[in-house]
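Just the heavy atoms: all of them, side chains too, but no hydrogens, waters or symmetry mates, feed the values below. Just so we're clear, the structure is a prediction, and the values are computed from it rather than from any experiment.
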Amino acid sequence: MSLTDITARMDAALSAAGRSADSAALIAVSKVQPDSRVEAVLQEGHRIFGENRVQEAAGKWPAFREKYDGIELHLIGPLQTNKVRQAFELFQVIHSVDRPKLAKTIARIAEEEGHCPELFIQINTGEEDQKAGVSPKDADDFIAECRALDLPIKGLMCIPPADEEPSLHFALLAKIAKRNDLAGLSMGMSGDFESAIAQGATHIRVGSAIFGERDYG
């Protein structure tokens, strides 16, 4: 599927939900993709990309930024506290704030650096042991804790369990965001982004449908 196809499906889903065409951003998830595929999407004019790991982004994006203006990079994978300063140099948005120690580290480095990426708090809507994220029952307290640190929290992010109906998790995330007066909803991937848009997603994360299957070899 091409970038054009995904954009057309996004537009149709937004229209069906009675939303404006610019009310959701497409994050092209370029993790573990060869540079040639990423550059092809850049050449089509797309500028919003997502990476899972700070180290991989550091090896890929500085060179692209020298060639292409206006790139906006989103960290959608887990962030270790010892990588926060490097993440500040690379990313405009971090989607995976998920624990007090990380929030405090981000706040300290933001004060030292004089700026901070936009932040999303990751909610573990399925309460899965193997997944990062704040439990839904702890979400309100953690959001308040982050706000007390003066962090620029823009919204919430989730990755629904693979074997459950994603729309239930999208609805839960939207409910938590609404009661905490947060506008951003980072939810929906290649297989379910139309459902996420119907539930109010402001950022969808699409990888393989744009780039093709990833090469982990």
Side-chain angles (χ1 to χ4, degrees), residues 22-27 29 31 47-58 61 65 70-128 131-160 169-189 196 199-205:
D22 61 355
S23 61
L26 171 60
I27 302 170
V29 179
K31 64 177 184 179
R47 290 294 182 269
I48 306 174
F49 291 84
E51 290 284 343
N52 253 39
R53 293 182 177 170
V54 174
Q55 215 59 27
E56 184 183 346
W61 286 99
R65 281 200 160 115
I71 290 170
E72 181 178 294
L73 206 55
H74 294 240
L75 179 64
I76 59 175
L79 178 58
Q80 299 168 286
T81 52
N82 65 351
K83 302 281 191 198
V84 168
R85 196 178 300 276
Q86 190 177 15
F88 270 50
E89 298 170 7
L90 290 162
F91 295 97
Q92 284 66 59
V93 188
I94 295 170
H95 291 241
S96 47
V97 180
D98 63 353
R99 59 200 187 278
K101 183 181 178 184
L102 177 59
K104 288 170 184 170
T105 302
I106 291 172
R108 175 175 58 79
I109 291 175
E111 189 170 351
E112 292 171 6
E113 298 286 338
H115 71 96
C116 187
E118 292 188 354
L119 304 174
F120 284 71
I121 291 171
Q122 183 171 350
I123 307 296
N124 186 350
T125 55
E127 302 197 64
E128 298 171 276
K131 268 192 192 150
V134 181
S135 167
K137 68 179 183 298
D138 297 327
D140 294 357
D141 286 345
F142 185 62
I143 292 165
E145 187 175 342
C146 289
R147 282 175 163 158
L149 291 166
D150 285 332
L151 293 178
I153 303 297
K154 301 299 180 183
L156 306 178
M157 183 268 259
C158 76
I159 305 169
H169 295 269
F170 300 153
L172 173 59
L173 196 73
K175 183 179 177 183
I176 297 169
K178 185 176 182 180
R179 71 172 180 245
N180 285 283
D181 198 25
L182 288 168
L185 289 169
S186 171
M187 59 190 195
M189 297 186 284
Q199 297 282 351
T202 59
H203 296 73
I204 63 169
R205 312 179 302 270

Asker: Mind checking whether Val54 and Gln80 have side chains closer than 4.5 Å, heavy atoms only?
Answerer: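 Val54 does not reach Gln80 side chain to side chain.
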Asker: Please give me the minimum heavy-atom distance between Ile27 and Gly50, naming the atom from each residue.
Answerer: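 The answer is CG2-N, 3.4 Å.
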Asker: Would you please test Phe142 and Val97 for side-chain contact (heavy atoms from CB on, under 4.5 Å) and show each step?
Answerer: CA-CA 10 Å; Phe142 185 62; Val97 180; 4.0 Å; yes
Asker: Would Glu128 and Lys131 count as a salt bridge (charged side-chain N to carboxylate O under 4.0 Å, His left out) here? Give the steps.
Answerer: CA-CA 5 Å; Glu128 298 171 276; Lys131 268 192 192 150; 2.7 Å; yes
Asker: Just how far is it from atom CD of Glu72 to atom CD of Gln92, taken to the nearest 0.5 Å?
Answerer: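 Here the interatomic distance stands at 6.0 Å.
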Asker: Taking side-chain contact (heavy atoms from CB on, under 4.5 Å) as the definition, give me every residue that meets it alongside Asp141, ordered by chain and number, with sequence neighbours left out.
Answerer: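 Scan of Asp141 (side-chain contact (heavy atoms from CB on, under 4.5 Å), adjacent residues dropped) gives none.
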Asker: In chain order, what residues pass the ring-ring contact (aromatic ring centres under 6.0 Å, His included) check against Phe49, with sequence neighbours excluded?
Answerer: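 Applying ring-ring contact (aromatic ring centres under 6.0 Å, His included) to Phe49 gives His46, Trp61.
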Asker: Which residue pairs pass the salt bridge (charged side-chain N to carboxylate O under 4.0 Å, His left out) test with at least one member in residues 143-153, sequence neighbours excluded?
Answerer: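 Residue pairs with at least one partner in residues 143-153: there are none.
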Asker: So which atom in Ala110 and which in Cys116 form the shortest heavy-atom distance, rounded to 0.1 Å?
Answerer: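 Taking every non-hydrogen atom into account, CB-CB, 3.8 Å.
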Asker: Taking all non-hydrogen atoms of both residues into account, name the closest pair between Gln199 and Ala174 and its distance.
Answerer: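 Answer, listing the atom of Gln199 first, then Ala174: O-CB, 3.8 Å.
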Asker: Looking at Asp181, I'd like to know if its CG atom is crowded, meaning that more than 12 non-hydrogen atoms belonging to other residues, nucleotides or ligands lie closer than 6.0 Å.
Answerer: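 It does not: Asp181 CG has 12 such atoms or fewer within range.
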Asker: When you look at CD of Glu113, are more than 12 heavy atoms from neighbouring residues, nucleotides or ligands closer to it than 6.0 Å?
Answerer: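 Above 12, so yes.
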Asker: Output all residues satisfying side-chain contact (heavy atoms from CB on, under 4.5 Å) with Ala58, sequence neighbours left out; order by chain, then residue number.
Answerer: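 Listed in chain order: Gln86, Leu90.
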Asker: Parallel, tilted or perpendicular: which one describes the rings of Phe120 and His95, with boundaries at 30° and 60°?
Answerer: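 Ring orientation of Phe120 relative to His95: parallel.
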Asker: With respect to Thr125, which candidate in Val134, Leu173, Leu156 satisfies the side-chain contact (heavy atoms from CB on, under 4.5 Å) definition?
Answerer: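 Among the candidates, only Leu173 passes.
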Asker: Looking at CD1 of Ile76 and CE of Met189, how far apart are the two atoms once the value is rounded to the nearest 0.5 Å?
Answerer: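 Reported value, rounded in 0.5 Å steps: 8.5 Å.
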Asker: Hey, are the side chains of Arg65 and Leu73 touching, using non-hydrogen atoms and a 4.5 Å cut-off?
Answerer: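 Yes, side chains in contact.
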Asker: With a 4.5 Å limit on heavy-atom distance, are the side chains of Asn180 and Ile153 in contact?
Answerer: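 No - every pair of side-chain heavy atoms lies 4.5 Å or more apart.
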Asker: At what distance, to the nearest 0.5 angstrom, does CD1 of Ile143 lie from CG of Asp138?
Answerer: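 Result: 11.0 Å between the selected atoms.
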Asker: Check whether any side-chain heavy atom of Cys146 sits under 4.5 Å from a side-chain heavy atom of Leu119, and report yes or no.
Answerer: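 No, their side chains stay 4.5 Å or more apart.
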Asker: Would you please name every residue forming a ring-ring contact (aromatic ring centres under 6.0 Å, His included) with Phe88, sequence neighbours left out?
Answerer: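 Here the qualifying residues are His115.
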Asker: Scan for salt bridge (charged side-chain N to carboxylate O under 4.0 Å, His left out) pairs involving residues 87-105, sequence neighbours excluded, and state none if there are none.
Answerer: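 Residue pairs passing salt bridge (charged side-chain N to carboxylate O under 4.0 Å, His left out), neighbours aside: none found.
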Asker: Which heavy atom in Ser96 sits nearest to a heavy atom in Gln122, and how many Å separate them?
Answerer: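 In this case the closest contact between Ser96 and Gln122 is CB-OE1, 3.6 Å.
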Asker: Side chains of Arg85 and Glu112, heavy atoms from C-beta outward: is any pair under 4.5 Å?
Answerer: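 Arg85 reaches Glu112 side chain to side chain.
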Asker: Quick one about Glu127 and Ser135 (side-chain donor to acceptor, distance below 3.5 Å, no hydrogens or angles considered), yes or no?
Answerer: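 There is such a pair (donor and acceptor under 3.5 Å, judged by atom type) between the side chains of Ser135 and Glu127.
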Asker: Report the distance from atom CD1 of Ile121 to atom CG of Leu182, rounding to the nearest 0.5 Å.
Answerer: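 It is 7.0 Å, given to the nearest 0.5 Å.
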Asker: Give me the atom names and distance for the closest heavy-atom approach of Thr202 to Ala183.
Answerer: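 That would be CG2-O, 3.5 Å.
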Asker: Quick one: are Leu185 and Phe170 in side-chain contact, heavy atoms under 4.5 Å?
Answerer: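 The answer is no, as the side chains (C-beta and beyond) never meet within the 4.5 Å cut-off.
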Asker: Which pair of heavy atoms, one from Met157 and one from Ile159, lies closest together, and at what distance?
Answerer: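 Met157 and Ile159 have their closest heavy atoms at SD-CG1, 4.0 Å.
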Asker: Could you walk me through whether Val93 and Leu75 pass the side-chain contact (heavy atoms from CB on, under 4.5 Å) test, one step at a time?
Answerer: CA-CA 6 Å; Val93 188; Leu75 179 64; over 6 Å; no
Asker: Roughly how far, to the nearest 0.5 Å, is CG of Leu26 from NE2 of His203?
Answerer: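 Here the rounded value is 10.5 Å.
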Asker: Assess the side chains of Gln55 and Lys83: does a donor N or O sit below 3.5 Å from an acceptor N or O?
Answerer: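 Yes, Lys83 and Gln55 have a side-chain donor paired with an acceptor closer than 3.5 Å.
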